[in-house]
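Here is the naming used below: chain letters follow the sequence lines, and residue numbers restart at 1 for every chain.
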2 protein chains.
Amino acid sequence: MSQMQNVERQLREMILGLEIGPGERLTERWIETRFGASRTPVRAALLRLETEGLISRDGRGWMVAPINLAELGQIAVYREAVEVAAVRLTAALEDRSGIDVIAAMLDSCDAETPREEWHRVGMDFHIELARLSGNEFLLRAVRDAMTRLSRARWLEVRDEAALGRAWAEHHAILAAVRSGDAEEAARLLSAHIAGSRDRLVTSLHDDRRGLRARGFAVVAA
Amino acid sequence: MSQMQNVERQLREMILGLEIGPGERLTERWIETRFGASRTPVRAALLRLETEGLISRDGRGWMVAPINLAELGQIAVYREAVEVAAVRLTAALEDRSGIDVIAAMLDSCDAETPREEWHRVGMDFHIELARLSGNEFLLRAVRDAMTRLSRARWLEVRDEAALGRAWAEHHAILAAVRSGDAEEAARLLSAHIAGSRDRLVTSLHDDRRGLRARGFAVVAA
DNA sequence: GATACCATTTTGGTATACCAAGCCGGTATC
DNA sequence: GATACCGGCTTGGTATACCAAAATGGTATC
């Protein structure tokens, strides 16, 4: 694999894994020495990650994109539009057997499963559901939205009950799609996204002092 | 303005203006000499334009993205989802006076207006309508979809009647949004997009031999 | 005439040197 | 002590040299 892809992948993982905090300043020289690559692949990685919304310009320089509560609300509206469109397409397909693969993915999580895995599966559920639609642009949009939400969701304080509720809602959505009931699937998915948004924004808003104490830039709504 | 932005802007204009045909191969060295910049800003421009969908990788190299009829259909589904979501938000706003600015923009076109201007206004209508929603992500999605559709729409064979019909449909959509009737606006917009897609794909499909004769790569649906 | 093979050229990937703009710290002045 | 100024240092922007891989074109072989 090329250096360019290596730097991009590793830097993305560091940002998503909050090893570099939201709002932190980045210099091309630091990344260069940190990953043992020259500035050319580093710049390519920065340009790509900027379009993913993980990195912002800070004057002339670079910074890890801050968490922006207003933006999280807008992303929820955006993902509702594209996810609902995707699920309607999928519910109208003749072959909806892909649903079962997603259901199996959900069921691979239990009480023993580490939190990190729950997080990943929670995102992949939405991405894989969008993939079933067969529309590359809806898929890309959902993947993009999930990437932008990832760090915020990781910071969200979620209790066991919330995880279980999300799990149940995911299964209910799959059941509606499996039965071909597009309207029901759309309704359930909309409610799921709205609830997810409310819990997320509330949690981060309540926690914003603690998050800032950890050095994370959190922009209020 | 920096060289990076210059190269990006000029190259984008050449691609969108079909001065470089869909499917044409690009080399970094050619762009370098063509725009009098070095490879660093050239690579930055290529990376950005790749994310816009105007440039694709061709093996190890680069090419201007071909026109893909199947992709055009998928983009129509995508833009319907986001544009309808945006227009529903806008119809629910208290202050919908931005509508009048868009109406004035439409009215600035008449029989004397050059075709190029009709084309630009036809795209800007959808972009500005999405902007009124206030949602940055819906706006970005519509802008992205329009960029990807731009060359195909320019190649489309459109008669005077089709232009007039689109103009009337645009005004009808605005009227529905102005009156706050979200459902009617959504219905009109969906129909407009579906019709636009059908005419576009049909026109390009019928013309695909002629387009290929002009050296344009057109991938069938 | 078709094809397999080799030398040459071209091309993207990478590393690095140089530059100007901007940031930062120190200092002189009031 | 506050402030305005100045000089060095850091940083992104740019140009360019070098490399390996892939494309290219010519040639020998069948």
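Take the nearest nucleotide of DNA chain D for A:L26 and for B:G36: the residue whose nucleotide is more 5' is A:L26. If A:R60 and A:S38 are placed on DNA chain C by their nearest nucleotide, the residue sitting closer to the 5' end is A:S38.
Atom CD1 in A:I31 sits about 12 Å away from atom C1' in D:dT11, given to the nearest Å. Atom CD in A:E28 sits about 15 Å away from atom P in C:dT14, given to the nearest Å. B:R39 has its CZ atom 16 Å from the C1' atom of D:dG13, to the nearest Å. At whole-Å resolution of the value, CZ in A:R29 and P in C:dC23 are 16 Å apart. The separation between B:W62 atom CH2 and C:dT11 atom P is 15 Å, rounded to whole Å. The distance between atom CZ of B:R43 and atom C1' of C:dG13, rounded to the nearest whole Å, is 6 Å. Atom CG in A:N6 sits roughly 11 Å away from atom P in C:dA15 (whole-Å rounding). For the pair B:R48 CZ and D:dG13 P, the computed distance is 9 Å after rounding to whole Å.
One N or O on the side chain of B:R151 and one on the backbone of B:A65 form a donor-acceptor pair closer than 3.5 Å. Between the B:T113 side chain and the B:W118 main chain, no donor and acceptor come within less than 3.5 Å of each other.
With D:dA15, C:dC18, C:dG12 as the choices, the nucleotide that has an atom nearest any side-chain atom of B:R57 turns out to be C:dG12. The side chain of A:T40 approaches C:dT14 more closely than any other nucleotide in the set D:dT14, C:dT11, C:dT14.
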*Between B:R148 and B:E52, does a salt bridge (Lys or Arg N to Asp or Glu O under 4.0 Å) hold up when you go through it step by step?*
CA-CA 7 Å; B:R148 290 170 189 269; B:E52 289 184 37; over 6 Å; no
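At the heavy-atom level, A:A44 lies nowhere under 4.0 Å from the strands shown.
Between B:F125 and B:H170, the ring-plane angle classifies as parallel under the 30° and 60° cut-offs.
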